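Okay, so here's the structure we're looking at.
Numbers restart at 1 for each chain; the letters A, B, ... are given by sequence-line order, proteins then strands. Computed from a predicted structure; not experimentally measured.
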Protein chains: 4
Amino acid sequence: MPKLPARERATPRATSARPQPAAGSRGKRAAVRTAPKSRNAKSAATHAAIIDAALDEFAARGFAATRLDDVARRAGVAKGTIYVHFRDKETLFEELVRTALGPLLRGLEETPVADVPLRAFVEGLADHFVKEILGTRRKHIVRLIVTEGARFPSLAQIYYREVIKRAMVVVRGAVERAIARGEIEGDTLQRFPQLFVAPGILALVWDMLFARFEPLDAGALMRAQVDLVFAAIGKRRK
Amino acid sequence: MPKLPARERATPRATSARPQPAAGSRGKRAAVRTAPKSRNAKSAATHAAIIDAALDEFAARGFAATRLDDVARRAGVAKGTIYVHFRDKETLFEELVRTALGPLLRGLEETPVADVPLRAFVEGLADHFVKEILGTRRKHIVRLIVTEGARFPSLAQIYYREVIKRAMVVVRGAVERAIARGEIEGDTLQRFPQLFVAPGILALVWDMLFARFEPLDAGALMRAQVDLVFAAIGKRRK
Amino acid sequence: MPKLPARERATPRATSARPQPAAGSRGKRAAVRTAPKSRNAKSAATHAAIIDAALDEFAARGFAATRLDDVARRAGVAKGTIYVHFRDKETLFEELVRTALGPLLRGLEETPVADVPLRAFVEGLADHFVKEILGTRRKHIVRLIVTEGARFPSLAQIYYREVIKRAMVVVRGAVERAIARGEIEGDTLQRFPQLFVAPGILALVWDMLFARFEPLDAGALMRAQVDLVFAAIGKRRK
Amino acid sequence: MPKLPARERATPRATSARPQPAAGSRGKRAAVRTAPKSRNAKSAATHAAIIDAALDEFAARGFAATRLDDVARRAGVAKGTIYVHFRDKETLFEELVRTALGPLLRGLEETPVADVPLRAFVEGLADHFVKEILGTRRKHIVRLIVTEGARFPSLAQIYYREVIKRAMVVVRGAVERAIARGEIEGDTLQRFPQLFVAPGILALVWDMLFARFEPLDAGALMRAQVDLVFAAIGKRRK
DNA sequence: TATGAATGAGGATTCATTCAT
DNA sequence: CATGAATGAATCCTCATTCAT
């Protein structure tokens, strides 16, 4: 009956070691595994429906302006049901964003790294970014990171640790091997692997804000950047 | 960006580099210009203090999570005073962001365009972006456009029309003259003038989210991009 | 009409002669009529308690000066609960007044019209007005119509359509039949059926304003008017 | 600087012996009298303009919903100016209503009472009511008494004492003389002089609420009532 | 006197969260 | 698990009133 002091509710609690309780115990995949119990399956479906609806709402309105009421309506459940699945609004938001990590990471991990020429590797990356992120609802996740990340330090940290840093390691590795193989010269790309994504981020932001005035072809932009980069530092054999 | 103790900034700060805080340039009717312009001057100062405080608060928390109560406290005025100067929260926000247009535009307009070599021109732009925007509180304005723009279509439109489009026209013009002068080749930059800002936007976003884990030198990043671009398409005879 | 200590009426009073408080007659969908109709029943009781409390408050203070806070306290619910049942203050007010239509109408419809002598009919009406309206809390509804109606055109319209016009039709019909039967002469009452209620309205207004200085017996006043009318236009048989 | 406890502000203070300070010292007439001092004249004009504007606003919105801001705007003065002339909103309202007493009373006092036949006397009254009250802006005053009087006991009292009681004395006197002269019979009119005004009040209320659906001719209604009354109790020999 | 910017208590409304069913 | 009515803290906004000019 007594409510929390409120102030404590409203502030993003970056501190609490949210234990991700009984991890994956009701993730979509869990449902697939435990086919027998119809109750679990239905519950998992509900869980997924909420996350799904939440993505739409959060993406459209931002964290603060999103009403759980709307999420519930969109998910086709009662408001209270959300609290059966998530501790609170913040947890829902964070879990939603965190849930989307997997798919993003998979792209990285599955990209063949070994002895692919750097250019091919980088083109693969750009392609993946455009097709698998900008071209799908995953785009909203990246949007949310960009627009809400500053208010959710724990999310920013997770993304830094799980996505950004890893991606930079992978790209730097590829760059180093390319240098070793004599494909490129200079240290620009080792220092700033971000140069490969910069156009992608710009395209994302552009899309959020200016698409209706002037569309921007993210793929073409990223390809142009790759062209520039390799025209600049690719060793001109021949 | 934790909330300042507020009391520490309780007095209207007429200090900040805000452009028109001096005169009664904003008074309802520019007044009859009474001798000591006392009332108008104070009113204008209040107006400015509110905008100033609002910038801090909105930047730190985003539109929805900002309490006008805090804005008032930070501006050193009573809650109601905000409503003497702005119809409502939204109007305050929009006017705040719109007010910042001037300074951003001035950078564009004052940049010597004429017969500067493209590289010098572009380096000037990058420099300006880093020093005058990322290096000042104006950075917050760009942040707000990025994070809130999607929810304020009219603002996005204004920025597209007044800043983005104009900037693109200017850059494209410079690029064309450079081509005409034989400085560069190819049409990449005509098609994607955005390539020059992309690293700047990425740096801004990076700064919002990941600065505390790994700082990113925006200036160096932008310079690296300029280097790449001119290494790639600058005519390299001579 | 001083505000009750509120705490004294903290519990939803299902007692008062409110017509449909019993069943789930108002529940969103009349429900599937679950066995003990527990939730719906409680909800309906809450709804009724709010309307009930609102009547008291609005009657005592008028629309604008009434605080929903007080309504909530008097109804024994939390402030927010009001908004579960009514969109806003205005809706609550209108629904409250509209809700009271039924009982007022019933008086009209149940009055035997057929072949009663006009005088008996009219005395019945006056009696009903005094006993069932001026003598009950329904009086407040008529007060509210009189004092707030001008600011709520939709209410005035509803009352005109549902009460006034219908009542005038009924009375005119009775008058015409009385003429046909040779009970009365002249067309005054056909043209101004309002003459029968005028003393009632005056009594209502008098009661609001001057009762404490000089009480006015509404019943006697209305009877006097009826006497006058029939002394004037009743055919003096004999 | 500190504000009143507010609760004390909002409640109609019927108690305080508002001293009606230096009565009439700035009423319109005062202005006419003190022609020389232009400052007084202007001040009186301002005073009158405010009262005038206030009548419109209060009549249109009721006491609580009227904003002094609007009154000021309509009067063509600054908000603060109102407080130069009136202690507060309530005082303005009460003074406004009280100010209108004079004209209403004058009607009573100037009506020749002496030996006019009752019917002529009463027709004169009705005529006066229709022409001088319902037909002018004074109608708004009566409206305000009806709609706000319950919340302003001191006003109700004043009106009872100054208008209602006096009028009843006058009418009763006329009735008694008429009886003495053998014009009418019975004691109905002595007991209920209100019967003469009832149609007027009904017409006023009707006008506030239902005029747009079905206009009501107040004059005709009142005349019909007078006809009825005299048809009923006028001695009809001769 | 007149002005109108400033004040701040008050009140309507929202919405995350709880909990009895 | 699911529901949705109930809760009440939080916040926007209004407006009577004050006061320095």
Side-chain contact check for Leu68(B): nearest option of dT13(E), dC13(F), dT7(E) is dC13(F)

Between NZ of Lys42(C) and P of dA20(E) the distance, given in whole Å, is 9 Å

Closest to the side chain of Val84(C), out of dT17(F), dA2(F), dA6(F), is dA6(F)

Phe86(C) atom CZ is separated from dT14(E) atom P, nearest whole Å, by 15 Å

From CZ of Arg73(A) across to P of dC15(E) the rounded distance in Å is 11 Å

Among the nucleotides dT14(E), dA10(F), dT7(E), whichever has the atom closest to the side chain of Tyr83(C) is dT14(E)

Any donor-acceptor pair under 3.5 Å linking the side chain of Arg98(A) with the backbone of Leu155(A)?
no

Only one of Lys89(C), Glu94(C), Arg151(C) passes side-chain contact (heavy atoms from CB on, under 4.5 Å) with Phe63(C), and that residue is Lys89(C)

Closest to the side chain of Ser43(D), out of dC13(F), dT1(E), dA6(E), is dT1(E)

Across all chains, not counting sequence neighbours, the salt bridge (Lys or Arg N to Asp or Glu O under 4.0 Å) partners of Lys79(A) are Asp69(A)

Worksheet item: Would you say a side-chain N or O of Thr81(B) is under 4.0 Å from OP1 or OP2 of dG8(E)?
Response: no

Arg67(A) CZ to dT17(E) P, in whole Å, measures 15 Å

Side-chain contact check for Val77(A): nearest option of dT3(E), dT3(F), dC13(F) is dT3(F)

Between Lys89(A) and dA16(E), does any side-chain N or O lie under 4.0 Å from OP1 or OP2? yes

Here the distance between atom C1' of dT13(E) and atom CZ of Phe93(C), to the nearest Å, is 19 Å

Step by step, work out the side chain to side chain contact (heavy atoms under 4.5 Å, CB included) result for Leu144(B) and Phe93(B).
CA-CA 10 Å; Leu144(B) 285 173; Phe93(B) 181 71; 4.0 Å; yes

Per atom distances to the Asp88(B) side chain, the nearest of dT13(E), dC13(F), dA6(F) is dC13(F)

From NZ of Lys79(D) across to C1' of dA6(E) the rounded distance in Å is 9 Å

- Given Ile51(B) and Leu55(B), is the side chain to side chain contact (heavy atoms under 4.5 Å, CB included) satisfied, shown in steps? CA-CA 6 Å; Ile51(B) 288 229; Leu55(B) 175 53; 5.6 Å; no

Between the CD atom in Glu90(C) and the CZ atom in Phe152(C), the distance rounded to the nearest 0.5 Å is 5.0 Å

On DNA chain E, more 5' by nearest nucleotide between Ala78(B) and Phe63(C) is Ala78(B)

Ile82(C) atom CD1 is separated from dA5(F) atom P, nearest whole Å, by 16 Å

Taking for Gly80(B) and for Gly80(C) the nucleotide of DNA chain F with the nearest heavy atom, the one nearer the 5' end belongs to Gly80(C)

Atom CG of Asp70(C) and atom P of dG10(E) are separated, to the nearest Å, by 12 Å

message: Strictly below 4.0 Å: does Thr46(A) bring a side-chain N or O up to OP1 or OP2 of dA2(F)?
response: yes

Rounded to 10°, the helix from dA2(E)-dT21(F) to dT21(E)-dA2(F) deviates from straight, judged by its five-pair end axes, by 0°

From the candidates dT7(E), dA2(F), dC15(F), the one with an atom nearest any side-chain atom of His85(A) is dA2(F)

Return yes if some donor-acceptor pair links the side-chain N/O of Arg74(A) with the main-chain N/O of Ala54(A) below 3.5 Å, else return no.
no

Short side-chain donor-acceptor distance under 3.5 Å, Thr91(C) and Asp88(C)
yes

